[in-house]
Structures are given as C-alpha cells and as structure tokens.
Amino acid sequence: MGQRQIEGRMARRHIANIIGPFSIPCLLLGLLFFAASLTPSLIPRGPTVQGILGGLVMAIGYLIGQIAGLIWRAADFPVLSGRPAKALTALLSVPLIAFFLWVLGSSLVWQNDIRMKMGMGEVDALNLATILFLAFATFAMAYAAGRLIASLFRLIRSRLLRVMPARRANVLGVVVVAVILLVVTREGIVDHVVTGLDESYEKAQELFQNAPPRPDDPRMTGSAESLIDWAAIGRYGRDFITSGPTADDIAAFTGRPALHPIRVYVGRANGETPQERAELALAELIRQGAFEREVLIVASPTGTGWMDPGSQDPVEYMHGGNIATVAAQYSYLQSPLALILETNTGLEQATALQEVVHGYWSTLPDDARPRFYVHGLSLGAWSSMHATNMFRLLDDPINGAFWAGPPFPSTLWNYFQNHRNPGTPWVLPDVGNGSLVRYASHTADASQAEAAWGRMRIVFLQYSSDPVVFYDPRSLWRAPPWVRDPPAEDMSEHFMFMPVVTQFQLALDLALSFGAPTGHGHAYYAQDYIGPWVQVTAPTGWSEEDTARLKVHCDLGFKQGCVNGLQ
C-alpha cells in the first residue's frame, strides 16, 4: 500500500471519528423535540426562526439521547441489539411520525391564532420547505460541533492514558474539555465581544457629533448654568431632557396654567462611580427646585439609558407640569445584554440614586416636600425594585411605585406573585385586598380592587404575552405557573409543555418580544401607562374623562413616544 493510500485511509478514518456512529433512537428523540417546537408559545414565530429553533432543539434531543445511552452503558444495564432493537425502534417510530404529522398540520392554525389575537395579519402558508431546510442545517452544524468536541476529548484522553489509569483519564478529560469550552466562550469570545460592545457604545456616546445644542433655558439640565455637563450626558439623556411637553403644551391640554416639568438626567460619563452620579443628580435637583414640586419621581432607565416618553409624558400632563423626574444612566448595552452581562451595574446605580435622593427628601418636613414615587420599565423596573428596600418602604415610606414589564428575576415582583390570592391568575393576580399592590395589563388599569388604596400604592404593569416577565428558567423541567391557568386574551389555547423544548421556546420568545405589536409582548405603550399612573399618583382633580382625553391626545399627538422599542 502506497503512502498516498495510507494518508487517504487515515483522513477517512479521521472524518469517520468526527462524524461518529449515527444513532437512530437518538435521532427519533431529536425529531420529537423538533415536533414539540412547532407548538405555540407566547410570541408568534415565522418560518426562519422556527426552523432554527427546531434544528437547535433537535440537536439537544439527540445529545440527551446520547448522554442517556452513555449512562445506561456505564451502569452496565442490558442493551438490545439486532432484530429486537430494530423492532423496538420501528415501534417507537410510528407514534412519533403520527405526532410529527399532526403538529405540522396544525402549526399554521396555531400561529395564526396568536397572530390574530395580537392584531397581526394571518399568513397563508407554513413555508415548510424553509423550516425543514433551516432545521436540518442547524442540526447538522450542531452535530458537527458536538463531534469535534468529542474528538477533542478523545485526543486529550489518549494523552492522559499514557500517565494514568483509564477511569481517571476519562474523568480528567471531561474536566479539561469543559474548562477549555468555558474559557473560550465566557472568558474568551464572549468577554471580548462584551468589552468591545461596551467600549463602542461609550465612544459613540462621547463622539456624538450630531448632538443638539445645549438648552438655552438656565432651568434645564445641561444648560450653561447646570451642574451637569451637556457633552457627557449621551444621546438618550439629551433626548429625555429636550423632549416632552412644555408648560404651554400642558396648559393647552388642561385649560389651566401649568409649570414646565423638571427633568434631571445624569449620563454614565458624568461621574466615575454610581455614588458620584447620584450626588450630582441630587445637586441638580436642588438647583432646579425639584423638591418644591408636588410630585418627585426617581426613575431607572433601560440598559442604554433610554427613558420611554410613552410613560413619562402622560404623568407630566396629569400633574400640570408640577413634577420633577430624575434618572441616572448605568450602561451603554442593550437591555438584554445588560441584564445578562452587567447584572450589578444597574442595581448599584439605582440603589445609589434612591439612597441619595430619598435621604435628602426624608430630611424635609412632611408638609413641605413632594410626594415621592419610583418608576422603571423592563430592566429599569428590576433595578428600581432592587433599590426600593425595606427602609424606603417602612422607615420613611415613599408614596408609591409603578413598575412596567418587570423582568422575571425581580425579587420583589416574585414575592408578590407567589403571595397572590388563591385562584387568581398568574399573569394578572390579586394580592391581598388591593390596598397596597395592584396589577394592570392591556385589559386592566388597576382601578378595581376589594379595598381602597392605603398610604402607599404599588402597581405592576405586565402584558400576559410578555416573556420578559413570564419566562421561567425552571421550565427546563417543569411547566411555568401560568400554564395551569386559563389562557389570557392574547395567549394560545394550544400551548403544550415539554421539558427542555419549552425552555428554548420561551428563550426565543424573549428575543422576539421587543418586536411584538403594541400592547403585547414587551411592547409597552402610553395607552396602558395612563391608567396605572392615575392610580399610583392620584392627580388632583383628575377624572375618567381626563383619562380618556389624554389617551386620545397620546394617540394623535405623540404616537412615536407611545411605543417601547428594544433599548
């Protein structure tokens, strides 16, 4: 045999080792996962994302089958082979194929059902060819990556076998491969990507060449008389300061004299530490006379520092401009990245800002200080809740809180959710008699409760189809709590829980939720902020007719500010 033939055989053997023996039973489990992924979840899916999801969960199912087989053989349990094994495989294939065909036939109906409930148009075709192509392409890439990792393990184990027993080499080989993957993903690729993203956002904020000129009004944040440097505030802070209703706008709407609302914003580049930024915000609040206003709101922005005008503008109309709002930026990353990768920065900044502002506010006489409220949307709600500790709830209590789209890890939100009244739905529960905590959605404004409001008012605004709120990490092995309730108006009646698959469906829903139609998913808008703000802040002389007029005004006058994008 020639050298070229030997090299060719070695190459084929190497490829065979990478591809490895293909397991039909494991593939059947993967196909079961693929079929289950076609069932509906919280957000409707198109053919592209459905195909990628199907291929990914099919690969996960195949991997689970391989791991289960490995454990079975390691435990020295009996293994079927030959004709009995083929007969069992064929027997299992029949119901699986039937289930797969049934799901395929129903998937278009299920997806259109959710789309119609969210006010989206129906689609005419499932685009099965696209789904299957992307699914099997994704599966093939995941399978190849798995075989490469297996080849790496065999290489490392072969080296270890030279110096230690087989069992020890197997265990140590797994540990070494796991460490390599961890370093490459978390400390290598991911770390550099995150660092690069954060730096790029920071440079973009600092070199924002198209920034509007600083405000001429000396009362405004960023003006020549302001304590806060306009150049360091950043795009979203500048937008917040310069947008919104003026005193004339508010007076035209209410028919009464109005004040110009105070908006204080500190950019991340305005201070080195959360404490410095908080103290700068307090100094600017004092300079502008914020503690002489009727209402003071300490707000937490989203990851990039964005403040939703759909939430901010209406509450300023309600109080005739006699209101001050303060916020401080803590990140340059989009909220999903900031939630996962900069977990503590938002919590630290929100806590510092609340501590400093509340600390000063609590030194003022009760009859000579504004009513104190806290607010946040999405990641801002999470950080705001974290900052609202027992001292601010009990020692010198705030007047209320309004949190919209609270992310699922929020501790305070989870506490109230788990103490809901028996029999009330997870997506819109009742807590106690409603004198302290109430919930709102696109179908409820928190006005209905068994008892009247107490001294403090807390409202959660959450859409029943929002996976940012209702994603459940434990859905990897058990059904989320809301599955046990009758589906809400914009939820599917055909949801089916399946371990592992449901976890990946909801994870994909997280990414898709920001592009959902307004009033669904994570797309919160002004129409649904107005009622809860009325309940929380109790504007003087406000009526139901005023609420209706403000909703119309929002819809006609600043619709762009009514929609929450991915920030």
Which heavy-atom pair separates [X] from [Y] by the least distance, and what is that distance?
X	Y	value
Gln535	Trp453	OE1-NE1, 3.0 Å
Pro487	Ser492	CB-O, 3.7 Å
Gln505	Ala36	NE2-O, 3.5 Å
Leu108	Asp124	CD2-O, 3.7 Å
Leu96	Leu28	CD2-O, 3.2 Å
Gly521	Asp466	O-CB, 3.0 Å

Just say parallel, tilted or perpendicular for the rings of [X] and [Y], cut-offs at 30° and 60°.
X	Y	value
His522	Phe514	perpendicular
Tyr62	Tyr143	perpendicular
Tyr524	Tyr529	tilted
Phe253	Tyr317	perpendicular

Backbone N or O of [Y] within a donor-acceptor pair of the [X] side chain at under 3.5 Å?
X	Y	result
Gln329	Arg268	yes
Arg45	Gln50	no
Ser513	Leu510	yes
Asp239	Tyr236	no
Asn399	Phe372	yes
Arg115	Pro44	no
Asn414	Phe408	yes
His553	Arg549	no
Ser383	Gly380	yes
Asp485	Pro425	no

Kindly compute the distance separating [atom1] ([X]) from [atom2] ([Y]), expressed to the nearest 0.5 Å.
X	Y	atom1	atom2	value
Phe240	Tyr265	CZ	OH	8.5 Å
Leu436	Arg438	CG	CZ	10.0 Å
Leu29	Ser23	CG	OG	9.5 Å
Trp542	Ile530	CH2	CD1	7.5 Å
Trp477	Thr502	CH2	OG1	13.0 Å
Tyr439	Arg420	OH	CZ	9.0 Å

So do [Y] and [X] actually touch side chain to side chain, heavy atoms under 4.5 Å?
X	Y	value
Trp482	Leu42	yes
Val374	Gln354	yes
Leu32	Met498	yes
Leu508	Ser41	no
Trp533	Phe402	yes
His494	Ser106	no
Val57	Val500	no
His442	Asp490	yes

request  = Would you check, one step at a time, whether the test side chain to side chain contact (heavy atoms under 4.5 Å, CB included) holds for Tyr463 with Asp528?
outcome  = CA-CA 10 Å; Tyr463 292 155; Asp528 295 331; 2.5 Å; yes
key: Side chains of Ser543 and Asp546, donor plus acceptor under 3.5 Å   =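 The criterion, which ignores hydrogens and geometry beyond distance, is satisfied for Asp546 and Ser543.
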query = Thr325 and Gln312: side-chain donor and acceptor closer than 3.5 Å?
reply =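 Judged by distance alone, the side chains do pair up.
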query = Which is it for Thr411 and His386 under the side chain to side chain contact (heavy atoms under 4.5 Å, CB included) test, yes or no, and what are the steps along the way?
reply = CA-CA 7 Å; Thr411 302; His386 176 83; over 6 Å; no
query = Where do Asn112 and Val123 land on the side chain to side chain contact (heavy atoms under 4.5 Å, CB included) test, with the steps shown first?
reply = CA-CA 7 Å; Asn112 276 335; Val123 293; 3.3 Å; yes
Ring-ring centroid check Phe34 Phe100, cutoff 6.0 Å =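 Yes, the ring centres sit under 6.0 Å apart.
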task = Report yes if the distance between the aromatic ring centroids of Trp403 and Phe416 is under 6.0 Å, otherwise no.
result =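 Not under 6.0 Å, so no.
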ask   = After noting the C-alpha distance and the side-chain angles of Phe470 and Met491, does the key distance pass the side chain to side chain contact (heavy atoms under 4.5 Å, CB included) rule?
value = CA-CA 12 Å; Phe470 298 116; Met491 298 174 71; over 6 Å; no
Check ion pair Arg263-Asp313 (N to O, under 4.0 angstrom) =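 Yes, this pair counts.
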task = Determine whether more than 12 heavy atoms belonging to other residues, nucleotides or ligands lie under 6.0 Å from atom CZ of Phe99.
result =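 Enclosed: over 12 neighbouring heavy atoms sit under 6.0 Å from CZ of Phe99.
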